[in-house]
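So the structure is just underneath, and the comments pick up after that.
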Amino acid sequence: VAGGSYVLSQALFSMRYSTYIVYLMELTPSRQRGIMTGAGEMAAGLSVAGAALLGGYLIAIQGYAPLFLAGAGSIALGTLLFAGYAWWRR
């Protein structure tokens with residue numbers, strides 16, 4: 001189950017990442033696309049590093065369940081915010 005879940009999560013992340021980059025580049029003026037791509041990649045890297053650090057502390061203190069619930073909640077919130085933004089822009 002864990003292996004299949006990992007493969008599925010990586011496949012969904014790959015689809016999300018490509019879609020996000022195309023969407024962002026469409027909204028960004030051509031002269032600022034390099035800056036936006038760099039800033040987005042830096043923010044993503046810092047987010048992953050911060051999540052790993054805080055997640056490690058949370059696992060050590062409270063176990064895996066709170067980390068899983070926090071991750072699921074943040075993904076659901078991000079999805080709703082993005083859907084609301086995309087709907088609002090129409």
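No hydrogens, no waters, no symmetry mates; every other heavy atom, side chains included, goes into these values.
Transitive grouping of hydrophobic side chains (ILVMFWY, heavy atoms separated by less than 4.5 Å) brings W88 and F82 into a common cluster. A single hydrophobic cluster is not seen to contain both I59 and I61; linkage of ILVMFWY side chains at heavy-atom distances under 4.5 Å, directly or through other members, places them apart. Residues M36 and Y20 share a single hydrophobic cluster, defined by chaining ILVMFWY side chains whose heavy atoms lie under 4.5 Å apart. The hydrophobic clustering, which links ILVMFWY residues whose side-chain heavy atoms are closer than 4.5 Å, places Y17 and L24 together. The hydrophobic cluster containing L8 also contains M15, counting ILVMFWY residues as joined when their side-chain heavy atoms lie under 4.5 angstrom apart, directly or transitively.
No donor-acceptor pair closer than 3.5 Å links the side chain of T37 to the backbone N or O of G34. In this structure, S9 contributes its side chain and Y6 its backbone to a donor-acceptor pair below 3.5 Å.
Y23 pairs by the side chain to side chain donor-acceptor pair (under 3.5 Å) definition with nothing, not counting sequence neighbours.
Between R33 and T28, the closest heavy-atom pair is NE-O, 3.1 Å.
The local environment of CD in E26 is sparse, with at most 12 non-hydrogen atoms from other residues, nucleotides or ligands closer than 6.0 Å.
Once rounded to the nearest 0.5 Å, the distance linking CG of L67 with CD of Q62 reads 10.0 Å. The structure places CD of E41 at 5.5 Å from CD1 of I21, a figure rounded to the nearest 0.5 Å.
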